[in-house]
Amino acid sequence: SSTEIEKMEDLVENISIEMKKEGEKQLVFLDGEDVSAEIRSTQVDEHVAKYAALACVRNKMTPLQRKMGEKGNIIMEGRDIGTAVFPNANVKIYLDASIEERAKRRYQQDLEKGMEVTYEEILESMKQRHKLETQREIAPLRQADDAIYLDSTHLSIEQVIEKVIKIINEKREEQ
């Protein structure tokens, strides 16, 4: 509704988002509060696609994301990083996995965090989010034309890291 959008416009106008590195961890702070765990929750997952599609949110987030990239040599992930935020990035990888595998991975992560969720809830939430993100008008989820496709469905984290490093090194050699 237009009232909801107006509230969101006011909200994003005055928020502060910072990323800080503490040891090996990259933390996200919203108005000075560490929200690193919360932004990965199923609850956020269920609503993020709807709000991320709003122009006021994109207009706030895109410059913030670009500012983070000014320091150079960063790895950033997101639905429209390679298409809208950094269309000229040196290396773009479209990392994918089947929706069932992604739900299984999130379910395992949530269990390890002590969260009470079911695999079915997570799978349904991910299906809804995927539908919203691929069909939205503003910065939809899609593979950039020059991105390298990497399907991680049957790969371990270590194998994915190995493949990503190989892709980055190959791109560096080309430049």
Side-chain angles (χ1 to χ4, degrees), residues 1-97 99 102-103 105-107 109-118 120-145 147:
S1 73
S2 61
T3 311
E4 213 175 74
I5 291 172
E6 285 171 19
K7 284 181 187 174
M8 185 58 70
E9 286 172 347
D10 290 342
L11 191 64
V12 298
E13 187 66 35
N14 300 304
I15 62 169
S16 156
I17 300 172
E18 292 178 277
M19 294 189 77
K20 296 179 185 174
K21 191 167 181 171
E22 287 186 10
E24 291 297 309
K25 287 188 173 183
Q26 186 77 38
L27 303 177
V28 179
F29 288 83
L30 175 63
D31 293 333
E33 183 184 338
D34 181 0
V35 293
S36 307
E38 288 86 346
I39 62 172
R40 301 272 182 229
S41 71
T42 305
Q43 196 174 14
V44 168
D45 237 21
E46 289 171 359
H47 301 286
V48 73
K50 178 172 76 170
Y51 294 107
L54 297 175
C56 63
V57 174
R58 297 291 352 128
N59 293 340
K60 176 78 175 189
M61 290 306 300
T62 301
L64 281 174
Q65 291 166 313
R66 286 184 178 145
K67 190 172 186 202
M68 292 174 207
E70 286 173 4
K71 296 172 185 163
N73 288 331
I74 64 155
I75 295 176
M76 190 176 284
E77 61 94 14
R79 302 305 190 263
D80 64 345
I81 299 298
T83 54
V85 181
F86 291 109
N88 300 319
N90 297 36
V91 181
K92 296 181 199 173
I93 300 170
Y94 188 84
L95 185 60
D96 199 10
I99 199 147
R102 287 185 287 141
R105 291 172 184 173
R106 176 59 60 88
Y107 178 64
Q109 289 172 341
D110 288 355
L111 283 182
E112 287 166 18
K113 292 177 192 168
M115 297 168 74
E116 290 186 30
V117 291
T118 67
E120 290 74 19
E121 287 172 327
I122 292 171
L123 180 62
E124 190 53 39
S125 170
M126 285 188 161
K127 284 180 179 178
Q128 289 299 320
R129 181 174 174 177
H130 184 79
K131 185 177 179 186
L132 285 169
E133 288 178 336
T134 54
Q135 294 176 3
R136 70 187 191 198
E137 279 185 46
I138 299 171
L141 166 62
R142 69 173 182 81
Q143 180 177 344
D145 296 336

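Sequential numbering from 1 along the given sequence is applied to the chain's residues. Computed over heavy atoms, backbone and side chain alike; hydrogens, waters and symmetry mates excluded. All of these numbers come straight from a predicted model, not from anything done at the bench.
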TODO: Answer yes or no: are there more than 12 heavy-atom neighbours, outside Lys113 itself, under 6.0 Å from its atom NZ?
DONE: yes
Open item on the list: Is it the case that over 12 heavy atoms from other parts of the model lie below 6.0 angstrom from the CD1 atom of Ile75?
Closed with: no
Under 3.5 Å, which donor-acceptor pairs link side chains of residues 28-36 to any protein atom two or more places apart or in another chain?
unit_1	atom_1	unit_2	atom_2	d
Asp31	OD1	Ser16	N	2.8
Asp34	OD1	Ser36	N	2.9
Asp34	OD1	Ser36	OG	2.6
Ser36	OG	Val28	N	2.8

Open item on the list: Applying salt bridge (Lys or Arg N to Asp or Glu O under 4.0 Å), can you list everything that pairs with Arg105, at least two apart in sequence or on another chain?
Closed with: Glu101
- [ ] State, to 0.1 Å, how close Gly82 and Ala144 come at their nearest heavy-atom pair, and which atoms those are.
- [x] O-CB, 3.8 Å
TODO: Work out which heavy atom in Thr62 is nearest to a heavy atom in Ala84; give both atom names and the distance.
DONE: CG2-O, 4.5 Å
Open item on the list: For Phe86, is there any backbone N or O sitting under 3.5 Å from a side-chain donor or acceptor partner on Arg66?
Closed with: no
TODO: Measure the CG-OH distance between Leu11 and Tyr51 for me, rounded to the nearest 0.5 Å.
DONE: 10.0 Å
Open item on the list: Just verifying a value: how many Å separate Ser41 OG and Arg106 CZ, rounded to the nearest 0.5 Å?
Closed with: 8.0 Å
Open item on the list: Once rounded to the nearest 0.5 Å, what's the spacing between atom CG of Leu132 and atom CG of Leu141?
Closed with: 11.5 Å
Open item on the list: Going by the rule side chain to side chain contact (heavy atoms under 4.5 Å, CB included), which residues pair with Gln128 if we only count those two or more places apart in sequence or in a different chain?
Closed with: Glu124
Open item on the list: Please identify which of these residues, His130, Arg142, Arg136, meets the side-chain contact (heavy atoms from CB on, under 4.5 Å) condition with Arg79.
Closed with: Arg136
TODO: For residues Cys56 and Val12, report the shortest heavy-atom separation together with the two atoms involved.
DONE: O-CG2, 3.7 Å
Open item on the list: Using 0.5 Å steps for rounding, measure from the CD1 atom of Ile122 to the CZ atom of Arg102.
Closed with: 12.5 Å
- [ ] Applying side chain to side chain donor-acceptor pair (under 3.5 Å), name anything that partners Arg129, two or more places apart in sequence or on another chain.
- [x] Asp45, Glu133
Open item on the list: Quick check for you: to the nearest 0.5 Å, what is the distance between Lys7 atom NZ and Ile5 atom CD1?
Closed with: 12.5 Å
Open item on the list: Checking Met68 now: which residues fulfil side chain to side chain contact (heavy atoms under 4.5 Å, CB included) with it, not counting sequence neighbours?
Closed with: Met19, Met76
Task: Which atom of Ile17 lies closest to which atom of Met61, heavy atoms considered - done: CD1-SD, 3.6 Å
Open item on the list: With rounding to the nearest 0.5 angstrom, report the CD to CE distance, Glu112 to Met115.
Closed with: 12.0 Å
TODO: Over all heavy atoms of both residues, which pair between Lys60 and Glu13 is shortest? Give the atoms and the distance, please.
DONE: NZ-O, 3.7 Å
Task: Pairwise side-chain hydrogen bond (donor to acceptor under 3.5 Å, both in side chains) hits with a residue in residues 80-94, at least two apart - done: Arg58-Asp80, Asn90-Gln175, Lys92-Asp146
